[in-house]
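Below is one structure, written out as structure tokens, with a few remarks after it.
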Amino acid sequence: MSVLSETSNRHVTAVKFVIAGGFGVGKTTFVGAISEVEPLTTEAAMTVVASGVDDHQAVAKTTKTTTTVAMDFGRLTVDDSLVMYLFGAPGQGRFTFMWDDLIEGALGAVVLVDTRRVEDCFAAVDYFEKKGLPFVVGVNCFDSAPRYALDEVREALGILPHVPVFEMDARHKTSCRDALLVLLELLVTRLTSKVAT
Amino acid sequence: MSNQETPRQLGLIRPFILTGGRTTTTRPGLRWETLVEALADRARLAKTSEQRTVLSHAGRPVSIAELSAFMHLPTQVVAILVGDLLDIGAIRIHQTDPVEIELSALTRMIQRVRAL
């Protein structure tokens, strides 16, 4: 790709959404359903510091290991001055180290729940609530999964009444689209109610 | 390398050699979705092959996450490369303040997503 001979002065706004959930729940499928390109994979590096004692010399010692987490993401261009990015993020607690970077500047999240492993979402839901990140909950209906009432899922996750919880099927593009629309409409509601007060 | 931490995993030694051992950028506002764009006729300012690679991908606005994916480098390393390119005046970034996202932007997003 060659550099353009003229750089456009037009500003392009990039916005970010997070698709969170446990392993295998359908995050990448969801991202792929929305994205105009095949999902790409980015990686985030994190250094974990562990403290311990050196046995031989009884000296406090720290070891640092750097690990990376790969995340699938996609892009949807709205028009020539607005682009949406969607990042798939593991929901489990052990990945919280990279969530600060992940949600910094994010507009909102869709949490995908696998009713066979609801607990995979606990950490993500807690984190989003603590950080005040708007989110919606899509209960992904796997064929073999137990069918819970949405109220039961709501209670299991301990989420507040105003948070939308709905059924969906990440294998279907229209269902993913509808889930993202629920989130976008939630953002509109929040914005317009702020203006009204 | 200097007294900076040494990545334990072999796969990460090369990326942090690229950054001279730096593991984080000091620049604020370089998020995964931040768009960078090469400035016209500034390609010759690039000093390293990695900087040239970033510029080659940034003929149109491209995100730090996409650069990370194309170049197989962690986002932090890409952010450092982007910071260096900003320092030498070879690229610009499209700063977005999410707090300023307006109703009109949300409406356009809704229209676009409905059309999927």
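In the text below, chain A, chain B and the rest are named by the order of the sequence lines, each starting its count at 1.
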Top contributor to chain B interface from A:Leu102, A:Val15, A:Leu40 [non-hydrogen pairs under 4.5 Å]: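 Most pairs with chain B among the choices: A:Leu102.
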
Of the non-hydrogen atoms in A:Val12 and B:Pro61, which two are nearest, and what is the gap between them?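 Closest heavy-atom pair between A:Val12 and B:Pro61: CG2-CG, 4.0 Å.
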
Side chain, backbone, both or neither: which part of B:Ser63 has a heavy atom under 4.5 Å from chain A? both

Give, as side chain, backbone, both or neither, the part of A:Leu76 having an atom under 4.5 angstrom from any heavy atom of chain B. side chain

Please look at A:Asp79 and chain B and tell me whether the side chain, the backbone, both or neither of the residue comes under 4.5 angstrom of a heavy atom of that chain. side chain

Are side-chain heavy atoms of [X] and [Y] found at a separation under 4.5 Å?
{"X": "A:Ser81", "Y": "B:Arg108", "result": "yes"}
{"X": "B:Met109", "Y": "A:Leu107", "result": "yes"}
{"X": "B:Ile64", "Y": "A:Thr42", "result": "no"}
{"X": "B:His94", "Y": "A:Thr13", "result": "no"}

In terms of heavy-atom contacts, does CD of A:Glu155 have more than 12 from other residues, nucleotides or ligands at under 6.0 Å? no

Test of understanding: clusters of I, L, V, M, F, W, Y form through side-chain heavy atoms closer than 4.5 Å, transitively. Do [X] and [Y] belong to the same one?
{"X": "B:Val113", "Y": "A:Phe166", "result": "yes"}
{"X": "B:Leu85", "Y": "B:Ile80", "result": "no"}
{"X": "A:Ile34", "Y": "A:Leu112", "result": "yes"}
{"X": "A:Val37", "Y": "A:Met84", "result": "no"}
{"X": "B:Leu67", "Y": "A:Tyr85", "result": "yes"}

Applying side chain to side chain contact (heavy atoms under 4.5 Å, CB included) between A:Leu187 and each of B:Ile101, B:Ile110, B:Leu103, B:Leu106, report the one that passes.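 Of the listed residues B:Ile101, B:Ile110, B:Leu103, B:Leu106, the side chain to side chain contact (heavy atoms under 4.5 Å, CB included) partner of A:Leu187 is B:Leu106.
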
I'd like to know which of B:Glu102, B:Arg112, B:Gln111, B:Gln95 tops the heavy-atom pair count under 4.5 Å against chain A. B:Arg112

Please evaluate residues B:Leu73 and A:Glu43 with respect to the criterion side-chain contact (heavy atoms from CB on, under 4.5 Å), reporting the C-alpha separation (whole Å), side-chain torsions for both, the decisive distance (0.1 Å), and the verdict. CA-CA 7 Å; B:Leu73 292 172; A:Glu43 49 180 285; over 6 Å; no

Can you give each donor-acceptor pair under 3.5 Å made by side-chain atoms of residues 28-35 of chain B, sequence neighbours left out, with the distance rounded to 0.1 Å?
residue	atom	partner	partner atom	Å
B:Arg31	NE	B:Glu33	OE2	3.0
B:Arg31	NH2	B:Thr96	O	2.7
B:Trp32	NE1	B:Thr75	OG1	3.4
B:Glu33	OE1	A:Lys16	NZ	2.9
B:Thr34	OG1	B:Gly29	O	3.1
B:Thr34	OG1	B:Arg31	N	2.7
B:Thr34	OG1	B:Arg31	O	3.2

CG (A:Asp101) and CD (B:Gln76) are apart, to the nearest 0.5 Å, by 6.0 Å

Could you measure the distance from the CZ atom of A:Arg177 to the CZ atom of B:Arg114? Nearest 0.5 Å is fine.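 Interatomic distance, A:Arg177 CZ to B:Arg114 CZ, rounded to 0.5 Å: 9.5 Å.
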
